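A quick note: this is a predicted structure, and the numbers were derived from the prediction, not measured. By convention in this document, chain letters (A, B, ...) are assigned in the order of the sequence lines, proteins followed by strands, and residues within each chain are numbered from 1.
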Number of protein chains: 2
Amino acid sequence: MKTVFQSVQDFSEEELNLLDDLITFRTLKKGELLLTENQICNEIVFIKKGILRSFFMNHKGDEITNCFAFENEFMASFASFITEEKAEENIQALTETELQILDRKALEKLYKSGFNWQETGRKLTELEFVNLHKRMVSFQKLSGAERYEELYQNHQKYIQLIPMQYLASYLGITPRHLSRIRKAVL
Amino acid sequence: MKTVFQSVQDFSEEELNLLDDLITFRTLKKGELLLTENQICNEIVFIKKGILRSFFMNHKGDEITNCFAFENEFMASFASFITEEKAEENIQALTETELQILDRKALEKLYKSGFNWQETGRKLTELEFVNLHKRMVSFQKLSGAERYEELYQNHQKYIQLIPMQYLASYLGITPRHLSRIRKAVL
DNA sequence: AAAAGAATAGGACATTTGTCCTATAAAAGA
DNA sequence: TCTTTTATAGGACAAATGTCCTATTCTTTT
């Protein structure tokens, strides 16, 4: 987690020590839920090892995956964390997972402790925004097949590590349709 | 613009005076472009009067609208503003429009001038994130018809003020299909 | 290792959505 | 105001995508 913060801002020893004191740890077994819908998300996790996915339900009761997170990435229901309203997402471990955790109180301490943390918070939020924006654009301008193709070219990891059923809803299509698309690509 | 900032943070007289010095003004005629794709977006505008839309092109050359902004809202290619890379969006006035403008340098001055601005920047970015997240969820979990219905129930203003051709791509459907949906809703 | 359970691919058919086109209505410009 | 341009609605048909289902393969559990 330190490394990511340092890539955004040049922190001093003391600042990073403060961070060390605030981080806690947790492991998840495959399939375990870190957050369930209707809870308020009060922590941001950083993945040391493993894969998480976040998903919500549609009105038919199907699970719709809205994102994945891999090693050295952050995960949370950011919307719930920000608004302090109930999350509509569930967050689940797709593999054995090791986490570092920064909870709301810890983050608030960091923010209060100085300008640098405040600025880092803003910049990381900005980057999350940009990522989400890219995903939004891909939904507006590409077909399901094109989104798959894009993943295939630029994020091989998704296709190798994520079960097809989850990948399908992540791409905004049904598993049946994903199967057709994969057949066409081969 | 002040009002929005004050709704997020309790600013002093001096802080708001600094803001006053940094804001500039501009008006746009109907149809005029504020930003074109391949420019770097270096300013965030606040709408005093009028409506803006932001759109990009798909590979067929169709315009795809990705958002609208109304009175008392901010608009920019935030992705380009943040990354300082070329925008893929165009921003266009849908009506005569009056703007307040905060450019990159002005915003950086604010950020440097103190903790409060830094924090406000973070919080407004967070809110933009949450809005975008909602839109993303609506694309993953709803059909085009359901997104129209949602707009019809909760954002009447869009249906009253925005030409159907723009609304269609904003909803992720064709004008032909929007026409079908509208017929069904009546 | 065997048995049970879950994930994937893909056939047949249904539904949704898009494409192309035309008529009418509305808006902009002369 | 009249003329020209642009926007909208909707018919007919085509293409894309979804639903339901089964066979097969891959995982997990005992």
When you get a sec, tell me which of dT8(C), dT19(C), dG11(C) is the closest nucleotide to the side chain of Q165(A)?
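Nearest listed nucleotide: dT8(C).
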
Nearest to the side chain of S179(B), heavy atoms from C-beta on, is which of dC20(D), dT8(D), dA9(D)?
dA9(D)

Would you kindly give the [atom1]-to-[atom2] distance between [X] and [N], to the nearest whole Å?
{"X": "I173(A)", "N": "dT8(C)", "atom1": "CD1", "atom2": "P", "result": "13 Å"}
{"X": "F139(B)", "N": "dT17(D)", "atom1": "CZ", "atom2": "P", "result": "15 Å"}
{"X": "M164(A)", "N": "dT25(D)", "atom1": "CE", "atom2": "C1'", "result": "14 Å"}
{"X": "L167(B)", "N": "dA7(D)", "atom1": "CG", "atom2": "C1'", "result": "13 Å"}
{"X": "L94(B)", "N": "dT6(D)", "atom1": "CG", "atom2": "P", "result": "16 Å"}
{"X": "D62(B)", "N": "dT17(C)", "atom1": "CG", "atom2": "C1'", "result": "15 Å"}
{"X": "H177(A)", "N": "dG18(D)", "atom1": "NE2", "atom2": "P", "result": "6 Å"}
{"X": "H59(B)", "N": "dG18(C)", "atom1": "NE2", "atom2": "P", "result": "13 Å"}

Inspect the contact between [Y] and [X] and indicate whether a charged nitrogen and a carboxylate oxygen are less than 4.0 angstrom apart.
{"X": "K134(A)", "Y": "E150(A)", "result": "no"}
{"X": "K105(A)", "Y": "E108(A)", "result": "no"}
{"X": "R122(A)", "Y": "E119(A)", "result": "yes"}

Search all heavy atoms of S77(B) against all heavy atoms of C41(B) and return the closest pair with its distance.
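For S77(B) and C41(B), the tightest heavy-atom pair comes out as N-SG, 3.5 Å.
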
Test for a donor-acceptor pair under 3.5 Å between the base of dG10(C) and the side chain of R182(A), counting only N and O atoms.
no

Report yes or no: is there a donor-acceptor pair, N or O only, under 3.5 Å between the side chain of R180(A) and the base of dG18(D)?
yes

Where each residue is assigned the nucleotide of DNA chain C containing its nearest heavy atom, which of G172(B) and Y166(A) is assigned the position nearer the 5′ end?
Y166(A)

Between [X] and [N], is there a contact of a side-chain N or O with OP1 or OP2 at under 4.0 Å?
{"X": "K183(B)", "N": "dA9(D)", "answer": "no"}
{"X": "K30(A)", "N": "dT28(D)", "answer": "yes"}
{"X": "K60(B)", "N": "dT19(C)", "answer": "yes"}

When you match R176(B) and P163(B) each to their closest nucleotide on DNA chain D, which lands nearer the 5' end?
P163(B)

Do S143(B) and E146(B) pair up side chain to side chain, a donor and an acceptor below 3.5 Å, judged on atom types alone?
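Result is yes, a qualifying pair exists.
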
